[in-house]
Amino acid sequence: MTGIEFLASFITTGRLHGIGIGSTLGEVDGALRHRYVDVVGEGGVSLRRDYGFAEFYFNPGEEWVMSGGSIELHRLANAPESAARWAESTGVEFDRYTAWADVREALSGVAPVPEFTVSDQGGFLEYRAESSCVSVLVVDDDEEERGYHVGHGDVWSVSLWAPVRAS
């Protein structure tokens, strides 16, 4: 599977490799067989599991439960070997750069296509899909060129966030 196909599915469903908000640490371990580093917050009140260019956040309870995560695609511009290791363990092949236009094109073939709320984030545009709780940060600086970092129109990151619960 290409990284663009993977992102189109993730943006549409809010799930990757079958995991998402509310998944337990055990479910994540079963879905992702990739090297990681765990960083436990002071007092054990949070856990960040870092897979290199992807990371997930967990809250404690009877079990650690996923509360969010991000795929930091901008890291691949300077470290393409991370993408190669990810492909070996997950079967998803990311390129060094991911153009938002290519992801949008892939999204047009996936049903249902999410509606995006777009906001300016100072040098970035955020495309937020409320239906899947996923937001995409895209470089919006005309002077940014591809090199050791992503360029104008490239995806910086894709984030998964927990919806706010009504009280």
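- Each of Val139 and Phe94 belongs to its own hydrophobic cluster when Ile, Leu, Val, Met, Phe, Trp and Tyr are linked at side-chain heavy-atom distances under 4.5 angstrom.
- Salt bridge present: Asp154 and Arg146 bring a charged side-chain N and a carboxylate O closer than 4.0 Å.
- In this structure, Val134 is a member of the same hydrophobic cluster as Leu73, with clusters built from ILVMFWY side-chain heavy atoms closer than 4.5 Å.
- A 6.0 Å sphere centred on CD of Glu105 holds no more than 12 heavy atoms belonging to other residues, nucleotides or ligands.
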Yes or no on side-chain contact (heavy atoms from CB on, under 4.5 Å) for Leu47 and Asp38, after CA distance, side-chain angles and deciding distance? CA-CA 7 Å; Leu47 169 68; Asp38 280 342; 3.7 Å; yes
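- The hydrophobic clustering, which links ILVMFWY residues whose side-chain heavy atoms are closer than 4.5 Å, places Phe6 and Ile21 together.
- In this structure, CG on Leu137 lies 8.5 Å from CG on Leu125, to the nearest 0.5 angstrom.
- Contact record, Arg33 with Gly30: NH2-O, 3.7 Å, taken as the closest heavy-atom pair.
- Residues that satisfy the side chain to side chain donor-acceptor pair (under 3.5 Å) test with Asn59, not counting sequence neighbours, are absent from this structure.
- Counting only heavy atoms from C-beta outward, the side chains of Leu32 and Glu27 never approach each other to under 4.5 Å.
- If you take CG on Leu160 and OG on Ser70, they are separated by 9.5 Å, rounding to the nearest 0.5 Å.
- The ring pair (Phe, Tyr, Trp, His ring centres under 6.0 Å) search around Phe58 returns none, not counting sequence neighbours.
- The side-chain tip of Arg128 points at the ring of Trp161 from less than 6.0 angstrom away and within 45° of straight on.
- In this structure, the side chain of Ser67 engages the main chain of Tyr57 through a donor-acceptor pair within 3.5 Å.
- Using a 4.0 Å cut-off between charged side-chain N and carboxylate O, Asp50 and Arg35 make no salt bridge.
- The aromatic rings of Tyr51 and Trp86 stand perpendicular to each other, their planes meeting at an angle above 60°, with 30° marking the opposite boundary.
- Smallest separation of non-hydrogen atoms from Leu107 and Pro114: CD2-CD, 4.3 Å.
- One finds the SG atom of Cys133 at 11.5 Å from the CZ atom of Arg15 (value rounded to the nearest 0.5 Å).
- Looking at Glu5, its side chain does come within 3.5 Å of a backbone N or O of Thr2 through a donor-acceptor pair.
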Walk me through whether His149 and Glu144 qualify under side-chain contact (heavy atoms from CB on, under 4.5 Å). CA-CA 9 Å; His149 50 78; Glu144 289 295 328; 3.1 Å; yes
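- Heavy atoms only, all atoms of each residue included: Pro112 and Thr12 are closest at O-CG2, 3.2 Å.
- Aromatic ring centroids of Trp100 and Phe116 lie under 6.0 Å apart.
- Met1 and Val110 are not part of a single hydrophobic cluster, where members link through side-chain heavy atoms under 4.5 Å apart.
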Apply side-chain contact (heavy atoms from CB on, under 4.5 Å) to residues Glu63 and Leu25 and explain how you reach the verdict. CA-CA 7 Å; Glu63 294 183 73; Leu25 194 56; over 6 Å; no
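- Atom CG in Leu16 sits 5.0 Å away from atom CZ in Phe10 (nearest 0.5 Å).
- At distances below 3.5 Å, at least one donor-acceptor pair connects side-chain atoms of Ser132 with backbone N or O atoms of Ile11.
- The backbone N or O of Val155 lies less than 3.5 Å from no partner atom in the side chain of Tyr97, so there is not a single donor-acceptor pair.
- Val118 and Val158 fall within a single hydrophobic cluster, where Ile, Leu, Val, Met, Phe, Trp and Tyr are joined by side-chain heavy atoms under 4.5 Å apart, directly or via other members.
- Distance CG/Asp141 to CZ/Phe124: 8.5 Å, rounded to 0.5 Å.
- With rounding to the nearest 0.5 angstrom, the OG1 atom of Thr90 is 4.5 Å from the NE2 atom of His17.
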Using side-chain contact (heavy atoms from CB on, under 4.5 Å), reason through Leu7 and Ile71 one step at a time and then give a plain yes or no. CA-CA 9 Å; Leu7 291 174; Ile71 302 171; 4.3 Å; yes
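- Here the side chains of Met66 and Val28 are in contact, with some heavy-atom distance below 4.5 Å.
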Report all side-chain donor-acceptor pairs from residues 74-85 shorter than 3.5 Å, counting only partners two or more places apart or in another chain.
residue : atom : partner : partner atom : Å
His74   : NE2  : Glu72   : OE1          : 3.0
Arg75   : NH1  : Gly52   : O            : 2.5

